[in-house]
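See below for the structure under consideration.
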Amino acid sequence: MVDDLLEQLRELEKEGAGSIATADGAEELERLRVDLLGRKGRLTGILRGLGGLSPEERPRVGAEANRVKEVLSARIDERKAACEVAAAPEAHVDLTLPGRARWRGGVHPVTLVVDEICDIFRDLGFSRVRGHEVETVEYNFVKLNTPLDHPAVDMHDTFYLGESLLLRTHTSPVQARVMEQFRPPVRVVVPGMVFRRDPFDASHAPGFEQLEGLAVDEGITFVDFKATISEFARRFFGPTTKTRFRPSFFPFTEPSAEVDVSCQLCGGAGCSACKRTGWMEIGGAGMVDPAVFEAVGYDPERYTGFAFGLGPARIAMQRYGIPDIRLLYENDVRFLEQFV
Amino acid sequence: MNVSYNWLRALAPSITATPSELADALAMRGAPVDELVELSAGIGDVVIARVDEVRQHPNADRLRLCSVDAGSGARLQVVCGAPNVEAGGYYPFAPIGSSLPGGVEIRKAKLRGELSEGMLCSARELGLGRDHAGLMALSGSEWQLGASLVDQLGLNDTRLIVDVTPNRPDLLSHVGVARELAPGGVADITLRPFSAEPPALATRNAGGDHGEMEGIRVVIEDAVGCPRYTAAIVRGVRVGPSPEWLATRLRSVGLRPINNLVDATNYVLHEMGQPLHAFDLDRLGGGEIRVRRARPGETLRTLDGVERELTAEILVIADAERAVALAGVMGGEESEVTAGTTNLLIECASFEPQRVRKAARFLGLSTDASHRFERGVDPELQLPTLSRVVDLILAIAGGSPEPTLLEVGSGSAPRMIVPLRLERVTRLLGIELDESEIERLLEPIGFVMEAGADGLAVRVPGYRPDVTREVDLIEEIARRRGYASFPEQLAPFRPTTVPEDPLVPVLRRVRETFTRWGFLEARTAGFAPAADSRVPLLNPLSSEESHLRDAVLPGLLRRVEHNWAHGVRNVRLYEIGTAFLPAPGETVPREEIRVAAAFTGLSEPLHWSGPGRSYDLWDLKALLEELAATLGAAAPQPATVGGATGLLDAVEGFEVSGVGAVRAEAGAVLASSVDSPAWADRLFGLEITLSAADVASIRYAPLPEYPAVERDLALLVPQGTAAAELERVIRSAAGTLLEEVGPFDLYAGAGIPEGTRSLAWRLRFRRPDRTLTDAEVDRSVDGVLRALEELNVSRR
C-alpha cells in the first residue's frame, strides 16, 4: 500500500514535470497547477489514500508528497518566468525610448581656458590674483613706462571715464599694483576683462579676457622666461608643442617677445587656420623693463623678472575651432551647451 | 611699411634670400611681414603697345577708336574710354585671350557697334596702383612693341608689407631694412648716384637760429620743435612725368607717381627714411622761411585740399606772411610744386616727435612724414638726404643747384654713448657672452664698441633713437643673436609672497552650484545703456553701450532675449561679472563682483513620460537657498524686491541680507522688463553680490544610532498665517526630540472651511541615546497641538 502510493507520487512527478516543460504561457501553467496541485487535483487525489495507512507509515508518504509538491511548484514558477521573458518583446516596455535626462550645466569656454591656464601656473608657483577694471592713466600707462605722448599709446584705443580714469586696456596695471603691495619673490597670474574701443566684428570685441603673468626675484633670466612659457605651452597644448619667441615691442618689457606655439590643427605643417605659417600667436611677453621696477620702488639692479599676457578668448577660439569672437559673447544656449 | 624686394637688392646686392626667406628673417628680427604681394601677379600676358591714331567713336561721345600696334605687325582697333589716350603714346595692352588680375578675360567684342580687339590698361586695372583716372602712360619712346610689360618695367618684384613696431623708426626706409637684413649690414649698402657727375655741394652752417642763402633767409623760432632745418635751392627745373624706373619703384611700394619733383622727394623718403618737402620757390613770399608756432586763428589749406584751422600747439613752416606747411606733417597747397614750377626750395628738417604727433593727432592726419617724425628720424640724416635728392632732381628734371646747402640749428646731435656691463648681460639673458661676440652682433647695424669705465661703451647710431639705456643694448644683443639661440632650462624658484585672491574658492563653488543646477555660464563685456547705470563713458561706441553696468542681471536679460529671438525656449544662464557703482566723494567707481542668473522654460528636458514642468517660483527659491547656504549667508526671506533694478516683480520675490557682505535679490522678471515672444515661459532672475569672507564651512555631525518615529499632522490653518510661523511654533513646542519638520501637502477647497487651508506636516522624532517610546512622542505632539491653538490652528 505504501509502495503503491509512493509509486503514484513518482509517476505524478514525472508526468507533471513533462507537461510543465512543454506548457506554453502563464494561463496553461495555471491550469496545470490546479490540475496537479490544486484542492481537487491529482496530488490531493493520491493523498486520499493516506487514510488506509497506519500512523507509522503516513509520515513517509506525506514527506514524499510534500517534496513532489515543492518540486512541481518550483518547475511551474521557473517555466512561467521563462515564458514571460520569451513574451517580453511584445510587452509594454520599449527600451529604445530615450531615458529621462537632466539639463547639463557648465562653464563658459573662456572660463575653461582661464582655469586650465591658472592651474598650470599654480603648479609653477604662481598665485591667482585680481585687479580692478577701472584704472587710472597712471597705472595703465605711465607706471608701465608708456608716456602718453608715445606712439605706443596708439596701439590701444582706450575708453575713458574721466581725464585720468579709463577702462584698463590690458591686465598689466595689476603688475604695478602687486609689486607696490608685495616684496619679491612675486609670482602671480591675473585673469580679467580688458577693454579696447573696437566695435564687435569677427575678430574684435570691445571687452574681452586677458591673462597676465609676472615673476620677479633675484636671478630670473631670459632663459627662465623662455623655459617657463614653453613648459606652460607643453602642458596646455600638449607635450609635442613647440614654441617660438619673436622679438617685439612693449614699453614695459625688454627684451620683448611675441610668443607663438606650433599650430594645433596642422601640427606646424601649415594650414588655413595658421595662415600657412605653422604657428599660432598666443600672446606677448618679455623681461620686465627696469623702468617699471623703478616706478614701483623695486631696485632694478637687484631684481629681474618676466611678464606675459595671454589671450584666453583667442586661445579658446583656436582650441575649439570657433570662427567668430562674437559667438563667445552672444551667449546662445546652443553654443554654450557644446562646452559642458 | 611697404618694402620692394628689388629695391632692397639694388641697395644691398649681398641680400640673396628669397622674399619669403626675408619675411621669415624679418619676423625673427622683430618686424613681422603681414603679407607678401607678388606685383606681377596676373599681368604676365600684358604687353607694351603704341597707339598710332585716335578717332572719335561714331556712336559714343566718350569713347575713342584707337589704332594700336602691339608688335604683331597687325593694326588692331581698340575702343577706349580713357581721357588721356594720345596718338604716339605707349601703354600697357592686354591682347585678345589674355587675362587681368581678378580674372577678367579679354575677348574680341563690339562696343557700340565698333570692334575692339584688346584693351589698353590703367594702373589700377593692372593691380599696380590706385590710379584709374586714365591709362597708365609709359614715358619715353624706347619701348619694344609687343614686349612683356613685366620684363620691360622690371615688375618682377615682390612687395613685403612689414609691420614695424613704434620703437623701430629705422625700419621705415629701404636703407634701414637692408641694413637689418644684409649679411654685412651697413657695409653692404651702396647708394649709387643718379647723375653721371653728382654735384658736389658744400654746407654752410651759420650757427644760431637763422641763416641765409641767395636771398632766402631761414629763421627757427622754436628750436625745441625744430632742432635743425636744412634747405637746397635748385633753379630751372623742368616738371614732367618721372622716368619709368622711378615710377615703377614708387608703384612697387604702393605710391602713385605724380611728377618728377614730387616723385623724387617721395623716392628719397622711402629710400632714406628722412621726409622732404619741395616748395615752389617763387611762391614763397618775402624771401623767408620761418619755423614757428601757428598763430591763433591762422589757417592753412593743405595739399589734400582741406582748409585747416591751426593752434599755437602746431608748428608751421611760414614765409614772411603766412604758414605754407604743417611742419613734419603736410605741405600747403599754395606753395606746392605744379606743372609751371621752375625754381625749387627743398626742405629737409628735423622735427621734435612730440610736436609732430600733437599736430597730426589734432588735425586727424597721418602721413608718411608724420609717421616717421613721430617715431624719430635720424638727426644726422638731413644733409646726406638733401644731397641725394638734389642729385636725383638734376638727373630727372634738370636745373642747376645752388652750390651750398643751408643748415640752420644746432647741427648733429652727439651720438649717444651707452655703457654696457657684461655681468649685466649675463644677469638678464642667463648666458655668458664675451665682448667679441657682442661686437660681432651689433657692429653690422652701426653700433660702435669702445672700452668703457666698467665694461664697454657703445656708440649708438642716430637712426636708433630707441637705444638709450644698457637694457636696450641687451635687448639688441638678444634680438641680433636670435631668441631661438637661448636655451630653455627651468630653474628652481622661491615661493611667491602674494596670497591667492580669496574670491577664487567662492567663485569656484558658485560655478559648481550652477553647473549642478544645469545652468550655462555667460560672459558679456559689461556695458549698459544710460537707463541702466550712473557710470558714463566719455567716448562710448554706441548709446546702447554708453555706460558701465551697475548690475549684471539687465545684460543677462538681453542675452535671454537673444535666445528667444533664435527660437530657444529653455534658457538657463548665469554670469559672474563686475558691477560699477558711483562711490560718493570718489572719482573711481566702486567695483563689486556679482553673480546673476536668469532662467525660463522647462525645468527638465522634455520627456515622453509626461508633459514636463516649467520653472516656477519654487525653483527660484530653492536655487537662492542653495546659493545662500554655499556662501554662508542667511536663508532667503520673502521681500519686496522690485526696487534695486526695477526689473523684478515686487510681489513674488526674495532677498538675502544681513550676514557678511553677501546681498541678493531674486524674483520673477516683470513682463515689462523684457521683450518676450508669446510662447515664452515665465522668466526668473536673481543677482547676488559676492564677497570673499563667507564660504560656508563644513563640519561632520554624528550619524543617529537609534530609530526615528514619524508623525503626520494635517492642520487647518487660517489664511494669513505663514508656514514659516507655523514651523517656528512647531519647532519650539516639540522640544529637543524633534529632529526634522516640513510641510508635505497643501490643500484648500471642498471640505475645508472657508478662510482656511489644510497644510500637512511630517514631524520626525529621535533620541540620540535610546529608542523613543510612543508615549514620549504623543506628549510632544500634544504640546505642539496646544501651542498651535494659539494661532487658531487645529487638527483637521
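Each chain gets a letter, A, B and so on, in the order the sequences are listed, and its residues count up from 1. Just so it is clear, the model here is predicted, and its values are computed rather than measured.
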Step by step, work out the side-chain hydrogen bond (donor to acceptor under 3.5 Å, both in side chains) result for Ser230(A) and Glu488(B).
CA-CA 8 Å; Ser230(A) 295; Glu488(B) 294 180 4; 2.8 Å; yes
Intermediate values then yes/no, salt bridge (Lys or Arg N to Asp or Glu O under 4.0 Å), Arg469(B) and Asp289(A)
CA-CA 11 Å; Arg469(B) 305 169 300 165; Asp289(A) 194 294; 2.7 Å; yes
side-chain contact (heavy atoms from CB on, under 4.5 Å), that's the test. Do Val107(A) and Tyr574(B) meet it? Break it down for me.
CA-CA 9 Å; Val107(A) 300; Tyr574(B) 75 99; 3.7 Å; yes
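Counting heavy-atom pairs under 4.5 Å between each of Arg122(A), Glu330(A), Glu258(A) and chain B puts Glu330(A) at the top. Options Arg183(A), Glu231(A), Arg334(A) differ in how many heavy-atom pairs under 4.5 Å they form with chain B, and the most are formed by Arg334(A). Looking only at heavy-atom pairs under 4.5 Å with chain A, the residue among Ser603(B), Ala31(B), Ala478(B) that has the most is Ser603(B). The choice from Arg511(B), Arg508(B), Arg479(B) that makes the most heavy-atom pairs within less than 4.5 Å of chain A is Arg511(B). Of the listed residues (Gly207(A), Ala227(A), Ala205(A), Pro290(A)), the one with the most heavy-atom contacts under 4.5 Å to chain B is Ala227(A). Of the listed residues (Ile431(B), Ile474(B), Leu548(B), Val535(B)), the greatest number of heavy-atom pairs within a distance under 4.5 Å of chain A belongs to Leu548(B). The residue among His547(B), Arg523(B), Arg559(B), Arg427(B) with the most heavy atom pairs within less than 4.5 Å of chain A is Arg523(B). Considering only heavy-atom pairs separated by less than 4.5 Å from chain A, the leading option among Pro540(B), Gly526(B), Pro353(B) is Pro540(B). By number of non-hydrogen pairs under 4.5 angstrom with chain B, the leading residue of Leu167(A), Thr228(A), Val340(A) is Leu167(A). Options Asn570(B), Leu573(B), Ile593(B), Ile576(B) differ in how many heavy-atom pairs under 4.5 Å they form with chain A, and the most are formed by Asn570(B). With respect to chain B, the highest number of heavy-atom pairs below 4.5 Å among Asp332(A), Thr136(A), Val190(A), Thr304(A) belongs to Asp332(A). Interface summary for chain B: among Glu133(A), Met193(A), Glu209(A), Arg102(A), the most heavy-atom pairs under 4.5 angstrom belong to Glu133(A).
Both the backbone and the side chain of Pro499(B) come within contact range of chain A, judged by heavy atoms closer than 4.5 Å. For His562(B), the part lying near chain A is the side chain, with the backbone staying farther off; criterion is any non-hydrogen pair under 4.5 Å. Heavy-atom distances place no part of Pro109(A) under 4.5 Å from chain B, backbone and side chain included. Residue Leu165(A) touches chain B through its side chain alone, counting heavy-atom pairs closer than 4.5 Å. In this structure, the portions of Val333(A) lying under 4.5 Å from any heavy atom of chain B include both its backbone and its side chain. Of the atoms belonging to Pro536(B), it is backbone heavy atoms, and not side-chain ones, that fall under 4.5 Å from chain A. Looking at Ile229(A), there are no atoms closer than 4.5 Å to chain B (heavy atoms on both sides), in backbone or side chain. Only the backbone of Arg104(A) comes within less than 4.5 Å of a heavy atom of chain B; no side-chain atom from C-beta onward does. Proximity to chain B involves both the backbone and the side chain of Glu301(A), based on heavy atoms less than 4.5 angstrom apart. Heavy atoms of Val129(A) lying under 4.5 Å from chain B belong to its backbone as well as its side chain. Of the two parts of Ser256(A), the backbone and the side chain both hold a non-hydrogen atom closer than 4.5 Å to a non-hydrogen atom of chain B.
In terms of heavy-atom proximity, Pro166(B) sits nearest to Phe249(A) at CD-CD2, 3.6 Å. Closest non-hydrogen pair, Leu541(B) versus Pro206(A), comes out as CD1-CB, 3.8 Å. For the residue pair Arg197(A) and Asn539(B), the shortest heavy atom distance occurs at NE-O, 2.6 Å. Summarising the geometry of Val504(B) relative to Arg128(A), their closest heavy-atom pair is CG2-CD, 3.8 Å, with the distance given to 0.1 Å. Scanning all heavy atoms of the two residues, the minimum distance from Leu428(B) to Pro255(A) falls at CD2-CD, 4.2 Å. What you find for Thr426(B) and Thr221(A) is that their closest heavy atoms are O-CG2, 4.3 Å.
The distance from atom SG of Cys118(A) to atom CG of Asp501(B), rounded to the nearest 0.5 Å, is 10.5 Å.
Counting only heavy atoms from C-beta outward, the side chains of Thr524(B) and Asn331(A) approach each other to under 4.5 Å. Here the side chains of Thr496(B) and Ser127(A) are in contact, with some heavy-atom distance below 4.5 Å.
Arg246(A) forms no cation-pi arrangement with Tyr483(B), by the criterion of a distance under 6.0 Å to the ring centre and an angle within 45° of the ring axis.
Using cut-offs of 30° and 60° on the angle between ring planes, the pair Phe527(B) and Phe159(A) is tilted.
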